[in-house]
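None of these values were measured; they are calculated from a predicted model. Any value given below was found using the heavy atoms of this structure, including those in side chains, with hydrogens, waters and symmetry copies removed.
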Amino acid sequence: MQPQDRERPAGGLTRRRFLQAGVAGATGLALSGVGGWLKQALAQLPPGSYNPQLQLSFPVEPGASLRILRWSQFVSTDQPTYERMAQDFTRRTGVPVRLEYEAWPDVQPKAAAAANVGAGPDIVLGFFDEPHLWPDKLVPVTDLADYLGRKYGGWFPVAPQYGHSAQMGEWIAVPIGAPGSCLNYRMSWVKEAGFDPDPAKFPKTTDEFLRLCRSLKSRGHPTGFALGKAVGDANSWCHWLLWTFGAHAVGPDNTTITLNAPETVNALEYGRQLFETMIPGVAGWLDPNNNRAFLAGEVALTNNGISIYFAAKNDFPEVAADMNHAVYPQGPAGRPTELHSFSQAYIFKYTRYPNAAKEFLRFMMEDPQYPRWINAMLGYVSHPLRAFTNLAVWRSDPKAVPFRDAVARMLPHSYQGTPGPKSARALAEFVIVDMVADALTGRRSVRDAILAAEARLKRIYEG
Amino acid sequence: MRRSALTSTLTFYLPLWAFLVLLLFPFYWMLVTAVRPNKELYNLSLNQLWTSHPTLQHFQKLLFATHFAPWLQNTMLIALGATVLALSCAVFAAYAVQRLRFRGSGVIGVAIFLSYLVPPVILFIPLARIINELGLWDRPAALILTYPTFLIPFATWLLMGYFKSIPVELEDCARIDGATRVQVLRHILLPLALPGILSALIFSFTLSWNEYLYALVFLSSTGSKTIPVGLATELITGDVFQWGPLMAGALLGSVPVALIYSFFVEHYVAGLTGALKE
């Protein structure tokens, strides 16, 4: 049995893997008894394996009811599916669930008020550092996170970085997934520029990518990457630019500011060359601007979630037919270094029904609920658990495939540090985006842009 | 004569028309965007200031696929409630500071105005605690009680200035004739200060109508939201702004405020400039 459509996930249970697990299981049985066997066997299973025999449930408190605050839908099929799943949960457990929605940047202020007041929603589905802003006010969910990880083939590396709190020594949030960002491009124009429009053959290195952008620009098809206060798009591509050249804002100690380095200079110098291929006006672009420019045919290439594609399928079928997606190329870092808006669910300690809340999250993250939800969102959100790699949505439309592994390819925005109040502030103040924008638009020299950003980071991290 | 016409055109009508265009353009833009089909909204090669295929689909979506009607009702209730409450307090506060001249009244007058400068983002968490303790979460009363925290200071400051422009001798005469302070306030000061009160009313109503942060934090369920928060929640989906319904909502949402302005505009101007001169 496999998640959702009963098809085998990538890295699923082959005969060889079954034998490996069996050998591990037999050894474990001999060594540590039945209880230890299960743990050992699962530890030996290859990443991505689905282990349906594992079961967990939390005893729901009598008379429990839940209030859940979450981000409003990115695609119109999201909320109805989520609500149906919540109704299923109510039918099974008798726990009434009230869902409240806010635009995704507005979840945090509501959660902040709830955390400080000690009243409000029992569960919040938020983004990025939110749980790390009030870790002591959250119900630990280590048991649930461990269970999900073991049952569904393990979490992708970024998941524990966001979900686990070093301060509390526990998981404080359950990773939900990330609306991934990829390169959106017009296939005919890429072909016209002399490059293969097949996503598999899209430029893999930053040098080749720059050649493509220059070629597009020379043919009257500029690129466009947001350099305004675009929470999703600007943060996404500016952090990629920094990281793919081996640069980072802060060291692993969460204190040392490491931005002022030759790698950062290289990233910004490269960015300046890329900027020459962009359409005028990107310095003021917010999240919706590139959607509109791409759909209007003003730009041939931008970075975005899958939302442009869905808008195109609804209203501009000719654009939808001519566009495709590819993953970001890699620079000297030589590995994927992407940033996506990572979402996770957390439970406030003031809830009177912590078990009901955990049971709700367990239910929603399990097969078949979670796959049903992700499939309904048509690829807008990428999964954090390895076993969900082969869901129907990732096979139904080849143009959605580059978004599939977004979580697997991403780093936390706090990289090389850990998520917390300081990295939250740095992100909220657009320190990296401002630096890139200053350097690329010529408002500041590369050196001055780095120094200004470094000073801001020092105020945040050392202040 | 001809020269005079030219001069008046250059110095009066031209700036007037330029000013009008500047002020009315956002409304025109809202209207055009609200009636343009999506295909035209995303086709930048077309004339952005006109549409050859007007549609009501965005209004239809706004009115029938969102909770716009309850949002409108909530916003009206909250704006009216907060305005009445704030003005009731501000009239007495302004009168006390301006006319009673007790010790420290000047300092209090300045302090009231300074409290207007405290940004809501600092206040929303302590206020949230109070709202929670009062059991008012997700109720219009939460905002009706919260909005006066920024409405009263400005309305008081505005009315203080207006009361100051009313000759104190009028009150003295009434007092000599045996009127109490309350009677002076009711029969002399308030009628004379009506333009100032109306301008404070318009100001308070507009601020309450447009407020975002408190409405976002204190109201939760979809049907209990106000127009600004409701539109952002249901019509901004990730990075896709549904411009047509959003502009339709902005247009319909601005109608009540525009109506109030149009009814009281003379009083509003008089209130801001001071109608009575000694």
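Using a 4.0 Å cut-off between a side-chain N of Lys or Arg and a carboxylate O of Asp or Glu, A/Glu102 and B/Lys225 qualify as a salt bridge.
For A/Arg352, the CZ atom counts as loosely surrounded, since its 6.0 Å shell holds 12 or fewer non-hydrogen atoms of other residues, nucleotides or ligands. Counting non-hydrogen atoms of other residues, nucleotides and ligands closer than 6.0 Å to OH of B/Tyr28 gives a total above 12. Summarising the local packing, CZ of B/Phe27 is surrounded by 12 or fewer heavy atoms from other residues, nucleotides or ligands at distances under 6.0 Å.
Note that the NZ atom of B/Lys39 and the CG atom of A/Asn314 stand 10.0 Å from one another [nearest 0.5 Å].
No part of A/Phe310 comes within reach of chain B, as not one of its non-hydrogen atoms sits under 4.5 angstrom from that chain. B/Phe218 does not touch chain A: none of its heavy atoms, backbone or side chain, sits under 4.5 Å away. Looking at A/Asn304, only its side chain comes within 4.5 Å of chain B, counting heavy atoms on both sides. Heavy atoms of A/Asp78 lying under 4.5 Å from chain B are absent altogether. A/Glu298 touches chain B through its side chain: at least one heavy atom from C-beta onward sits under 4.5 Å away, while N, CA, C and O do not.
Annotation: maximal heavy-atom pairing with chain B below 4.5 Å, among A/Leu286, A/Leu295, A/Leu69, A/Val75, occurs at A/Leu295. When each of A/Glu100, A/Gln79, A/Arg67 is checked for heavy-atom pairs under 4.5 Å with chain B, A/Glu100 comes out on top. Per-residue counts of heavy-atom pairs under 4.5 Å with chain B were compared for A/Gly305, A/Ala296, A/Ser341; the largest is that of A/Ala296. Annotation: maximal heavy-atom pairing with chain B below 4.5 Å, among A/Pro109, A/Ala119, A/Pro179, occurs at A/Pro109.
Taking non-hydrogen atoms and a 4.5 Å limit, the residue list of residues 226-249 of chain B in contact with chain A, ordered by number, reads B/Val229, B/Ala232, B/Thr233, B/Ile236, B/Thr237, B/Gly238, B/Asp239, B/Val240, B/Phe241, B/Trp243. Residues from residues 115-143 of chain B that place a non-hydrogen atom less than 4.5 Å from a non-hydrogen atom of chain A comprise B/Phe124, B/Ile125, B/Ala128, B/Arg129, B/Asn132, B/Trp137, B/Asp138, given in numerical order.
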